[in-house]
Structure formats: structure tokens, C-alpha cells
Amino acid sequence: MSASSRTQTHPDQADPAPAPPADAGPARLAADLRAALGPLVRRLRQFRPDGELTLSQTSVLVRLDREGPATSSELAAGEGVRPQSMCTIVNVLHERGLVARESDPDDGRRIVVSLSATGLAGLHGARQEKARRLTRAIADELSPEEQVTLAAALPLLERITRRV
């Protein structure tokens with residue numbers, strides 16, 4: 001695709017957003033950022049192969065992958081849900097073989113939840129497909145110069161994300 005065709009509007013797409021004014025304040029930038037990233041996140045979330053997990057279930061798997069084993073209470077606190085809701089989520093994940101439950105070696109009364117090999121493989125497979133789709137969109141829609149600009153913005157987005 002040529003650089004000039006990248007700027008043309010496709011029939012099924014909205015007109016490209018104009019560049020924000022140089023004097024756009026933080027509130028305007030925040031609104032524009034939400035307007036730009038919201039649809040991207042929703043589109044990535046919409047892609048769900050048959051039998052894919054809910055967002056809550058996936059979030060728990062991601063947390064276990066990132067932070068390691070945890071109790072249901074710890075997961076509930078981390079996800080901002082009630083412990084009863086987390087027990088339901090963990091039960092579904094356990095039934096599907098995506099997590100394992102074991103007694104806490106330090107306190108046999110507590111159950112520790114960990115990501116199973118099947119859960120890790122499924123999580124990585126879903127991530128790979130979403131990454132493939134995003135990679136294809138970047139390659140098809142952005143010129144090399146635009147890709148450099150996007151890459152330069154990523155550290156800024158990460159800093160904002162840590163602060164939100």
C-alpha cells in the first residue's frame with residue numbers, strides 16, 4: 001500500500017482524526033487518547049475464538065502468569081472483585097484445566113491457585129493471535145515513518161499507564 005493510499009479513508013472506516021492542536025492541554029489529550037485507544041482495545045477484546053474465556057477469566061490468568069501463584073482472596077483483591085466472584089472464576093478455570101489448586105505449604109488451610117501448563121499455553125496462544133492481528137494492522141495501515149512515531153510514543157503511554 002502506498003503512503004498516499006494510507007491517508008485515504010476507506011468506505012468502512014471513519015475519517016482520520018485531525019492532529020490535535022499544538023496547544024492542546026492535558027484534558028484534551030486525555031479525551032483524544034481515550035477516543036483513540038478505546039476502540040483499539042475493544043476490537044482486540046472482540047476477537048474471541050470459540051470457547052475463549054471471559055475478560056475476567058483471562059485477567060486472572062494474566063495476573064497468575066505475571067505475578068505467580070496466589071490465593072483466591074489475593075486474586076479477588078488484585079482484580080477488585082468480591083471473593084465469592086473470584087471463587088466462581090477460579091472454579092471455572094480449574095474445571096477447564098487452566099489453573100491448579102494446591103494447599104499452601106506454609107498454611108495448609110489456604111489454597112494457592114497457580115497457572116497450569118494448559119492455562120499458560122492457552123494464554124500465550126490467545127496473546128499470539130491478538131499480536132498477529134495488531135502486527136498486520138500496523139504493517140498494512142502505517143507507513144515506516146508512522147511506525148517510528150508510534151514506537152516513540154510507546155514509552156510515554158507506558159508512563160501514563162503506570163500513573164492512572
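Please read these numbers as outputs of a predicted model, since none were measured by experiment.
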| said: Checking R136 now: which residues fulfil side chain to side chain donor-acceptor pair (under 3.5 Å) with it, not counting sequence neighbours? | reply: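 With sequence neighbours excluded, R136 shows a side chain to side chain donor-acceptor pair (under 3.5 Å) to no residue whatsoever.
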
| query | Under the side chain to side chain donor-acceptor pair (under 3.5 Å) test, which residues partner E79, sequence neighbours left out? | reply |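 By the side chain to side chain donor-acceptor pair (under 3.5 Å) rule, E79 matches S59, R63.
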
Would you mind writing out the side-chain donor-acceptor pairs for residues 151-164 within the sub-3.5 Å range, not counting sequence neighbours?
| unit_1 | atom_1 | unit_2 | atom_2 | d |
| --- | --- | --- | --- | --- |
| T161 | OG1 | L157 | O | 2.8 |

| said: By the side chain to side chain donor-acceptor pair (under 3.5 Å) test, which pairs, at least two apart or in different chains, include something from residues 103-112? | reply: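 Only D104-R110, D107-R109 qualify under side chain to side chain donor-acceptor pair (under 3.5 Å).
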
| Taking all atoms of both residues into account, what is the closest heavy-atom pair of A70 and L64, and its distance? |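 Closest pair (atom of A70, atom of L64, distance): N-CD2, 4.0 Å.
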
Hey, could you give me the [atom1]/[atom2] distance between [X] and [Y], rounded to the nearest 0.5 Å?
| X | Y | atom1 | atom2 | answer |
| --- | --- | --- | --- | --- |
| I111 | H94 | CD1 | NE2 | 9.5 Å |
| L150 | Q147 | CG | CD | 8.0 Å |
| T135 | D140 | OG1 | CG | 10.5 Å |

| side-chain contact (heavy atoms from CB on, under 4.5 Å) involving V92 - partner list, sequence neighbours excluded |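 Once residues adjacent in sequence are excluded, the partners of V92 under the side-chain contact (heavy atoms from CB on, under 4.5 Å) criterion are Q57, R96.
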
Show me the side-chain donor-acceptor pairs of residues 113-123 shorter than 3.5 Å, one per line, residues at least two apart or across chains.
| unit_1 | atom_1 | unit_2 | atom_2 | d |
| --- | --- | --- | --- | --- |
| S116 | OG | G97 | O | 2.6 |
| S116 | OG | L98 | O | 3.0 |
| S116 | OG | T118 | N | 3.4 |
| S116 | OG | G119 | N | 3.0 |

Name every donor-acceptor pair, under 3.5 Å, that has one atom in a side chain of residues 81-91 and the other anywhere in the protein, sequence neighbours excluded.
| unit_1 | atom_1 | unit_2 | atom_2 | d |
| --- | --- | --- | --- | --- |
| R82 | NH2 | S85 | OG | 3.4 |
| T88 | OG1 | Q84 | O | 3.3 |
| N91 | OD1 | R101 | NH1 | 3.0 |
| N91 | OD1 | R101 | NH2 | 3.2 |
| N91 | ND2 | C87 | O | 3.2 |

| task | Keeping the roles fixed (side chain from E141, backbone from I138), state whether a donor-acceptor pair exists under 3.5 Å. | result |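 No; zero donor-acceptor contacts below 3.5 Å.
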
| task | Go through T149 and L142 one step at a time and tell me if the side-chain contact (heavy atoms from CB on, under 4.5 Å) criterion holds. | result | CA-CA 10 Å; T149 301; L142 301 181; over 6 Å; no

